[in-house]
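Numbering starts at 1 and runs along the sequence shown.
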Amino acid sequence: MDPSEVEFLAEKETVKIIPNFSLDKIFLIGGDLGPFNPGLPVDVPVWLALNLKQRQKCRVIPPDWMEVEKLEEMRDLERKEDTFTPVPSPYYMELTKLLLNHASDNIPKADKIRTLVKDIWDTRIAKLRLSADSFISQQEAHAKLDNLTLMEINTVRAFLLDSLNCMYKLRSNLQPSSSKGLIDY
């Protein structure tokens, strides 16, 4: 899975918008949306919120976790803990990127939020690299990865798979083969 596929999955998450138009409930394969009334908040998928925002048909309300104070607490906790802490959304990085790129005028302190989420991401990726390094150097056969997001796993997947394949080849070459010492005439 590449980053664009993970971002596609993130666009299915819901976000609140305040529409500036009227429309009855719409029926889609993924579920019913609406009704849309001016000034009344409604939950919609991110893909629709961004589409309506680009057409100036709504104002996007950021998720509850996308506040400076909450992100500062999350960053501090992530730095303090040795293990991965739970994140507020399985797509926190992708949602932040999407919402700040397309609706930053609706998000208070957008630059500070961008910096905090980047700090959290950097801390988590550094932990992930250290964990992977430790995993490989100790020649482990399996690992438990709690509280990681798809994008974080996707970031180290290629490195980890290549390393594990090399370890497997080295181990299989070091094991004595059962046919050693037998001569086939």
Side-chain angles (χ1 to χ4, degrees), residues 1-81 84-129 145 147-158:
M1 185 174 291
D2 66 13
S4 63
E5 292 171 315
V6 178
E7 187 174 290
F8 175 78
L9 293 174
E11 290 178 350
K12 294 179 183 179
E13 294 285 300
T14 60
V15 68
K16 279 194 187 316
I17 63 165
I18 298 178
N20 58 14
F21 64 94
S22 293
L23 184 66
D24 290 335
K25 186 178 269 196
I26 54 176
F27 305 96
L28 302 175
I29 293 173
D32 303 342
L33 301 173
F36 299 90
N37 295 307
L40 295 178
V42 62
D43 288 327
V44 297
V46 171
W47 64 265
L48 180 59
L50 297 179
N51 181 284
L52 292 172
K53 175 66 180 163
Q54 287 173 341
R55 295 187 300 150
Q56 299 178 353
K57 297 287 186 184
C58 75
R59 186 168 58 88
V60 177
I61 300 173
D64 292 338
W65 56 266
M66 200 179 280
E67 295 175 2
V68 171
E69 295 79 22
K70 290 181 181 178
L71 289 171
E72 284 175 340
E73 288 174 18
M74 188 177 150
R75 178 199 59 196
D76 296 341
L77 182 63
E78 195 67 52
R79 287 178 175 171
K80 188 175 81 172
E81 295 290 326
F84 295 97
T85 59
V87 289
S89 166
Y91 303 105
Y92 77 97
M93 187 65 175
E94 300 87 289
L95 290 175
T96 301
K97 180 182 163 228
L98 287 167
L99 292 176
L100 291 180
N101 285 349
H102 300 285
S104 61
D105 57 328
N106 294 156
I107 301 172
K109 303 178 183 175
D111 290 334
K112 181 71 172 165
I113 288 171
R114 189 183 314 269
T115 302
L116 287 167
V117 170
K118 181 75 170 111
D119 288 348
I120 293 165
W121 172 264
D122 290 343
T123 303
R124 292 176 66 85
I125 293 300
K127 278 186 193 180
L128 192 52
R129 287 187 179 140
L145 300 173
N147 300 319
L148 287 178
T149 66
L150 264 175
M151 190 65 84
E152 291 165 347
I153 292 170
N154 196 38
T155 301
V156 296
R157 182 181 53 166

Checklist line | Which residues share a side-chain hydrogen bond (donor to acceptor under 3.5 Å, both in side chains) with Arg129, sequence neighbours left out | finding: none
Checklist line | salt bridge (Lys or Arg N to Asp or Glu O under 4.0 Å) partners for Glu152, two or more places apart | finding: Arg124
Notebook entry, point to check: Between CG of Leu128 and OG1 of Thr123, what distance do you get to the nearest 0.5 Å?
Noted result: 12.5 Å
Item checked: Among Leu148, Thr149, Ile125, side-chain contact (heavy atoms from CB on, under 4.5 Å) partner for Thr155 -> Ile125
Margin query: Counting C-beta onward and ignoring hydrogens, is there a side-chain heavy-atom pair between Cys58 and Val44 closer than 4.5 Å?
Written below: no
Notebook entry, point to check: Are the side chains of Ile153 and Met1 in touch, meaning some heavy atoms are under 4.5 Å apart?
Noted result: no
Margin query: By the salt bridge (charged side-chain N to carboxylate O under 4.0 Å, His left out) test, which pairs, at least two apart or in different chains, include something from residues 61-70?
Written below: none
Margin query: Applying the side-chain contact (heavy atoms from CB on, under 4.5 Å) criterion to Met93, which one of Leu150, Leu98, Val117 satisfies it?
Written below: Val117
Note to self: Filter on side chain to side chain donor-acceptor pair (under 3.5 Å), then keep only pairs touching residues 13-24, sequence neighbours left out; what's left?
What the structure shows: Lys16-Asp43
Item checked: Test item: Leu33 and Pro45 side chains (from C-beta on) under 4.5 Å apart, heavy atoms -> yes
Margin query: Quick test of your reading: applying ring-ring contact (aromatic ring centres under 6.0 Å, His included), list the pairs with at least one residue in residues 19-68, sequence neighbours left out, ordered by first then second residue.
Written below: Phe21-Phe36
Check: Where do Pro41 and Gly39 come nearest, in terms of heavy atoms and distance?
Finding: CD-O, 3.7 Å
Next item on the list: Give the minimum heavy-atom separation between Ala49 and Val15, together with the two atoms involved.
Entry: CB-CG1, 3.5 Å
Check: Taking only residues two or more places apart in sequence or in another chain, which ones pass side-chain hydrogen bond (donor to acceptor under 3.5 Å, both in side chains) with Asp122?
Finding: Lys118
Item checked: Contacts of Asn154 that satisfy side-chain hydrogen bond (donor to acceptor under 3.5 Å, both in side chains) - sequence neighbours left out -> Arg157
Next item on the list: Any chance you could measure Thr96, atom OG1, to Ile120, atom CD1, to the nearest 0.5 Å?
Entry: 8.0 Å
Next item on the list: Output all residues satisfying side-chain hydrogen bond (donor to acceptor under 3.5 Å, both in side chains) with Thr85, sequence neighbours left out; order by chain, then residue number.
Entry: Glu78
Check: Looking at Ser89 and Leu95, what are the two nearest heavy atoms and their distance?
Finding: OG-CD1, 3.5 Å
Item checked: Qualifying residues under side chain to side chain contact (heavy atoms under 4.5 Å, CB included), relative to Glu94, sequence neighbours excluded -> Val6, Ala10, Tyr91, Met151
Notebook entry, point to check: Could you state the interatomic distance from CD1 (Ile17) to CG (Leu48), rounded to the nearest 0.5 Å?
Noted result: 6.0 Å
Next item on the list: Report yes if some heavy atom in the side chain of Leu52 is under 4.5 Å from a heavy atom in the side chain of Pro19; otherwise report no.
Entry: no
Notebook entry, point to check: Residues in salt bridge (Lys or Arg N to Asp or Glu O under 4.0 Å) with Lys12, at least two apart?
Noted result: none
Can you give each donor-acceptor pair under 3.5 Å made by side-chain atoms of residues 102-116, sequence neighbours left out, with the distance rounded to 0.1 Å?
residue, atom, partner, partner atom, Å
His102, ND1, Gln54, NE2, 3.4
Asp105, OD1, Lys53, NZ, 3.3
Asp105, OD2, Lys53, NZ, 3.0
Asn106, OD1, Lys53, NZ, 3.2
Asn106, OD1, Val60, N, 2.9
Thr115, OG1, Asp111, O, 3.0

